[in-house]
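Inspection log for the structure reproduced underneath, given as structure tokens.
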Amino acid sequence: MRGMGVGLYGGSFNPVHEGHAHVAETARRRLGLHRVIWLVSPQNPLKSRVQTQPLGQRLAQVRAFARGQGMIASDIEARLDTRFTLDTLLALKARFPGVRFVWIMGADGLASLHHWRGWRQIMRTLPVAVVSRPPSSLKSRFSPAARRFGSARLAAQRAPGLSGQEPPAWIFLHGPLHFQSSTALREAAAAESIRHG
């Protein structure tokens with residue numbers, strides 16, 4: 001609805017884990033958002049198709065994790081047929097002009113943002129909330145995106161008003177660190193498969 005603050009939290013979620021839930025809930029609470037929409041990517045262009053579980057399977061898993069207040073799991077990227085984050089953000093902004101969207105990512109996302117297609121435009125399209133995630137938190141703050149948009153970084157105390165800021169505007173949210181990662185979970189599953197194989 002018009003005037004709502006809505007976080008867009010995109011990813012492969014391959015597999016989803018408590019670290020993802022930590023990022024989404026931290027952003028929802030600290031930014032005072034009405035909703036956080038988990039955008040389950042049909043296929044991340046930077047990741048292997050072979051290692052990515054089918055969209056339906058990942059969406060079902062995300063629904064089990066996105067169970068908190070105001071959390072929504074969505075396959076809107078598949079329905080919009082958008083391959084890149086920038087295209088998704090532009091489509092959602094055009095479709096819901098009165099909604100105050102914020103892009104949400106973990107610190108690992110900020111560390112690699114400069115590899116994304118149109119990353120500078122992403123930063124100029126929506127305000128961005130970055131949630132601390134080990135071990136990327138320190139690395140992310142010296143990433144090309146953080147340096148390029150250093151002057152647009154807001155103090156953490158301004159988090160509740162981020163959705164109303166004119167981009168580029170971004171904030172780094174510190175909080176209790178959650179160490180789980182999709183990569184580590186995939187590697188552990190592969191090792192277990194080999195052991196029992």
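Nothing fancy with the numbering, it's 1 onward along the sequence. Keep in mind that this is a model prediction, so the values were computed, not measured.
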Side chains of R158 and L162: does their closest heavy-atom pair fall under 4.5 Å?
-> no
Donor-acceptor pair, R58 side chain versus S41 backbone, under 3.5 Å?
-> yes
Note: A27 and L173 closest approach over all heavy atoms is CA-CD1, 4.3 Å
Any side-chain heavy atom of W38 within less than 4.5 Å of one from L59?
-> no
To the nearest 0.5 Å, tell me how far R30 CZ sits from I104 CD1.
-> 12.5 Å
Cluster link F84 to I37, ILVMFWY, side chain under 4.5 Å | no
Sidechain N-carboxylate O distance under 4.0 Å for R79, D75 = yes
Do R148 and M123 have side chains that get closer than 4.5 Å, going by heavy atoms?
-> no
Flag the pair T125 / L90 as yes when at least one side-chain heavy-atom distance between them is below 4.5 Å, and no otherwise.
-> yes
Side chains of T85 and I122: does their closest heavy-atom pair fall under 4.5 Å?
-> yes
CZ/F101 to CG/L33 distance, rounded to the nearest 0.5 angstrom?
-> 11.5 Å
Give a yes or no on whether the backbone of G7 and the side-chain of R28 come within a donor-acceptor separation of less than 3.5 Å.
-> no
Hey, does Q43 have a side-chain heavy atom less than 4.5 Å from the side chain of T52?
-> yes
About how many Å separate CG of L31 and CZ of R100, when rounded to the nearest 0.5 Å?
-> 10.5 Å
Parallel, tilted or perpendicular: which fits the ring planes of F13 and Y9, with parallel below 30° and perpendicular above 60°?
-> perpendicular
What distance do H22 atom NE2 and T26 atom OG1 have between them, rounded to the nearest 0.5 Å?
-> 4.0 Å
Verdict with reasoning, E25 to M71, per side chain to side chain contact (heavy atoms under 4.5 Å, CB included) | CA-CA 8 Å; E25 180 56 29; M71 298 289 173; 3.4 Å; yes
Shortest non-hydrogen contact from P167 to P127?
-> CB-N, 4.0 Å
How many angstroms lie between CZ in F172 and NE2 in H174, if you round to the nearest 0.5 Å?
-> 5.0 Å
Search all heavy atoms of A107 against all heavy atoms of S132 and return the closest pair with its distance.
-> CB-CA, 4.2 Å
Give a yes/no verdict on a cation-pi contact between R67 and F65, requiring under 6.0 Å between NZ or CZ and the six-membered ring centre and an angle within 45° of the axis.
-> yes
First locate atom CE of M105, then atom CG of L8, and finally report the distance between them rounded to the nearest 0.5 Å.
-> 11.5 Å
Side chain to side chain, R141 and L110, heavy atoms closer than 4.5 Å | no
Salt bridge (charged side-chain N to carboxylate O under 4.0 Å, His left out) partners of E77, counting only residues at least two apart = none
Distance-only, no hydrogens or angles: does the H20 side chain make a donor-acceptor pair with backbone N or O of H17 under 3.5 Å?
-> yes
Can you name the closest pair of heavy atoms from S140 and A146 and give their distance?
-> O-CB, 3.4 Å
Would you say the side-chain atoms of H34 pair up with the backbone N or O of M4, donor to acceptor, closer than 3.5 Å?
-> no
Atom of A169, atom of L154 and distance for their closest heavy-atom approach = CB-CD1, 4.1 Å
Is a donor on one side and an acceptor on the other found under 3.5 Å between the side chain of W170 and the backbone of F149?
-> yes
Is R147 close enough and on-axis enough to F142, meaning under 6.0 Å and within 45°, for cation-pi?
-> no
Are any side-chain N or O atoms of S74 and backbone N or O atoms of I76, one a donor and one an acceptor, separated by less than 3.5 Å?
-> yes
Counting distance only, does the side-chain N/O of D87 pair as donor-acceptor with the main-chain N or O of T82 below 3.5 Å?
-> no
Closest non-hydrogen atom pair, A145 against L113 = CB-CD2, 3.8 Å
